[in-house]
Amino acid sequence: IALSTMGEIADNMEYSLVDTPCEDVMNGTLCSYEKDILAKFPRDKLLVDMNAESYMGIPLWDSNSQVIGLIAIVGCSPIRNKFLFETILQIVAVRASAELERRNAGFELEKSEEKYRRIFESIEDGYLLAQMDGLILSVNPAALRILKYNDPDQLIGKNILQDIYSKPHEREGLKQKLMDYGSVNGYLLHFMQKGGRVINAECNAHLLYDVDGSPIAVEGTFRDVTERNQAEAALAQSEYRYRTLVLNAPYCIHEINIKGELISMNPVGLDMMGVTERKAIVGVPYLSSVCDKDRPYVAELLDQAFTGKSSNFEFEAATEGNPKFFSSSFVPIKNHTGQVERLMGITVDITERKKSENEIKKHREHLEELVKERTSEITIAKEEAESANTAKNIFLANMSHELRTPLNAILGFSDFLGKSSDLSGDQKHKLSLIHKSGRHLLSLINDILDVSRYEAGKIELHPISFHMGTFVDTIK
């Protein structure tokens, strides 16, 4: 509240309108109390402090017929001429309303300008205002940051064609679009930073017109999308490589939605399914291609895949005629929230491999039978050999006994006769030959028995002393 009392302007103050005559005035009513005002509003502290006796107030209206304030007279004596006071207040109220509305409009304008200035300085997008001939009139801090300038004066007053556009002909294209449509959105241009580096800029712009409707300037915002464009190009290249890989892969690559239905398949997969067009497999349940005996097992893996678990498995296809076997996989594909939204899989026809495995299995089983038969034959031959060897050993033992008995008699008698003194020298020589030959024959028999013991693993060595000369004579 602004207050003037006794010809002096008092300090502004806050004033509660509750239980005051001003409350009625702010409701749009001219209020007049010629006397006894305190009796009617005893809780109005301001009136009490002023020891008021009378009050007259009138609302202030703006051009939209809205109450924007009030003006009032508070007297310490009764009002004598009510008509005069009302007339004076009405005259003053008209002037005060106009002045107050003007000041409020100025305040709102200042607020609007301050709000615009804050937006102008804080937005992340660059702002440019340029005349139709390219002369730069205004830039915001973001434009300076994006274009690597430090001060607005480095750009304001410069020509946008020479200092910002990397490809000046692009501005002609932009101007033509603006002349045709008045504004553009998402228009791609090439701007040049202070150091000469070229960036990709995405622009939104519109024309400004004079009072006659002629375009006088171009106003717009822009943002640096170089990294975004590079990322998009890299993504496009990656997608192209992926698409090329999928289309030319020598095995089936397919996708499954969360309902367990096929949604895509490469040409090799379509050939496996016996179809030529992708639409023939879209919506087909994946499990319908699995034979009955393998379906529960594959269904369990499918459920696990939708919880995020990958798997590799083999199954027999549900086909008529010759059986077909496949090796496949489930790889969960998640969205940005981490939820599985589809599955990708690779399926390879392993029918020929299965046939080879079965042939190898049969061959192995046949070999096992042959080995068993051969082992049996070897066992029998071994037993027969062992039996023959045993018979041989028995024969040699018997033979040695039968030969040794008469040989020992010959050796004994020859030795006995050799000691007789009645023999001539020639006879003794012949007896010596008989004895020597018998000893040699006994040695041969012992050697045969040693060989038999060696084969039986029962050979025993007995170190003894012998006469080398006699041994050599024996060999001779």
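Everything numeric here is computed off the predicted structure, so don't read it as measured data.
From Ser214, atom OG reaches atom CE of Met132 across 10.0 Å, with rounding to the nearest 0.5 Å. Here CG of Asp125 is found 4.0 Å from CZ of Arg223. Values are rounded to the nearest 0.5 Å. Atoms CG and CD1, on Leu208 and Ile216 in that order, are 6.0 Å from each other to the nearest 0.5 Å. Annotation: the span from Lys194 atom NZ to Leu155 atom CG amounts to 9.5 Å, rounded to 0.5 Å. Atoms CG and CZ, from Leu247 and Arg243 in turn, are 7.5 Å apart once rounded to the nearest 0.5 Å. Rounding to the nearest 0.5 Å gives a distance of 7.0 Å between NE2 of His190 and OG of Ser166.
The pair Arg228-Glu232 meets the salt-bridge criterion, with a side-chain N (NZ, NE, NH1 or NH2) lying under 4.0 Å from an Asp/Glu carboxylate O. In summary, Lys177 and Asp180 do not engage in a salt bridge, as defined by a charged side-chain N under 4.0 Å from a carboxylate O. We find that Lys334 and Glu341 are not joined by a salt bridge, their nearest charged nitrogen and carboxylate oxygen being 4.0 Å or further apart.
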May I have the list of side-chain donor-acceptor pairs in residues 321-330 shorter than 3.5 Å, sequence neighbours left out?
| unit_1 | atom_1 | unit_2 | atom_2 | d |
| --- | --- | --- | --- | --- |
| Ser328 | OG | Tyr286 | OH | 3.1 |
| Ser328 | OG | Thr347 | OG1 | 2.8 |
| Ser329 | OG | Ile346 | N | 3.2 |

Anything under 3.5 Å between a donor and an acceptor, one on a side chain of residues 146-154, the other on a protein residue two or more places apart or in another chain? List them.
| unit_1 | atom_1 | unit_2 | atom_2 | d |
| --- | --- | --- | --- | --- |
| Asp151 | OD1 | Asp153 | N | 2.8 |
| Gln154 | OE1 | Asn150 | N | 2.8 |
| Gln154 | OE1 | Asp151 | N | 2.9 |

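Counting heavy atoms from C-beta outward, Ser264 and His254 have side chains that stay 4.5 Å or more apart. Counting heavy atoms from C-beta on, the side chains of Asn159 and Ile164 never come closer than 4.5 Å. Residues Gln193 and Ile199 have side chains in contact (heavy-atom distance under 4.5 Å, counting atoms from C-beta outward). Inter-residue side-chain proximity for Arg295 and Val298 is flagged as unmet; no heavy-atom pair is nearer than 4.5 Å. Within the 4.5 Å cutoff, the side chain of Ile281 has heavy atoms near those of the Val275 side chain. Within the 4.5 Å cutoff, side-chain heavy atoms of Leu128 are placed close to those of Ile136. At least one side-chain heavy atom of Arg145 sits under 4.5 Å from a side-chain heavy atom of Glu124. No side-chain heavy atom of Met273 sits under 4.5 Å from any side-chain heavy atom of Leu270.
Arg171 contributes no side-chain N or O that, together with a main-chain N or O of Leu189, makes up a donor-acceptor pair within less than 3.5 Å. Between the side chain of Asn204 and the main chain of Gly220, no donor-acceptor pair closer than 3.5 Å is present. A side-chain donor-acceptor contact under 3.5 Å links Asn335 to the backbone of Gly338. Judged by distance alone, with hydrogens and angles left aside, the side-chain atoms of Asn248 form a donor-acceptor pair with the main-chain N or O of Thr244 at under 3.5 Å.
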Between Met26 and Leu17, does the side-chain contact (heavy atoms from CB on, under 4.5 Å) criterion hold? Intermediate values first, please.
CA-CA 9 Å; Met26 288 301 293; Leu17 299 182; 3.6 Å; yes

What's the verdict on side chain to side chain donor-acceptor pair (under 3.5 Å) for Glu219 and Tyr127, showing C-alpha distance, side-chain angles and the deciding distance?
CA-CA 8 Å; Glu219 182 181 48; Tyr127 169 87; 2.5 Å; yes

Assess the residue pair Leu343 and Ile333 against the criterion (side-chain contact (heavy atoms from CB on, under 4.5 Å)); give the C-alpha distance rounded to whole Å, side-chain angles, the decisive distance to 0.1 Å, and a yes or no.
CA-CA 6 Å; Leu343 302 180; Ile333 306 299; over 6 Å; no

Going through the distances and angles, do Leu137 and Ile156 end up as a side-chain contact (heavy atoms from CB on, under 4.5 Å)?
CA-CA 5 Å; Leu137 301 176; Ile156 294 176; 5.9 Å; no

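The minimum heavy-atom distance linking Ala217 with Leu129 is given by the pair CB-CD1, 4.1 Å. Here the shortest heavy-atom pairing between Leu301 and Ser311 reads CB-OG, 4.0 Å. Residues Leu178 and His206 come closest through the heavy atom pair CD2-CA, 3.9 Å. For the residue pair Gly308 and Pro332, the shortest heavy atom distance occurs at C-CG, 3.5 Å. The two atoms that bring Ser288 and Ala318 nearest to each other are O-CB, 3.8 Å, heavy atoms only. Residues Val139 and Ala143 approach most closely at CB-CB, 4.2 Å, considering heavy atoms.
With 3.5 Å as the limit, one finds no donor-acceptor pair spanning the side chains of Asn27 and Glu23. For Glu261 and Asn257, the side-chain atoms include at least one donor-acceptor pair closer than 3.5 Å. Side-chain contact, Thr226 with Asp224: a donor N or O sits under 3.5 Å from an acceptor N or O. Side-chain atoms of Asp133 and Gln131 include a donor-acceptor pair closer than 3.5 Å.
Contacts classified as side chain to side chain donor-acceptor pair (under 3.5 Å) and involving residues 297-307 (residues at least two apart or in different chains) are not found. Among residue pairs with one or both ends in residues 365-381, those qualifying as side chain to side chain donor-acceptor pair (under 3.5 Å) are Arg374-Glu377; sequence neighbours excluded.
The salt bridge (Lys or Arg N to Asp or Glu O under 4.0 Å) check on Glu384 picks up nothing, with sequence neighbours excluded. Considering only residues two or more places apart in sequence or on other chains, Glu314 meets the salt bridge (Lys or Arg N to Asp or Glu O under 4.0 Å) condition with Arg353, Lys354.
Within a 6.0 Å radius of OH in Tyr209, other residues, nucleotides and ligands contribute more than 12 heavy atoms. Residue-environment remark: CD1 (Ile258) stays at or below the threshold of 12 foreign heavy atoms within 6.0 Å.
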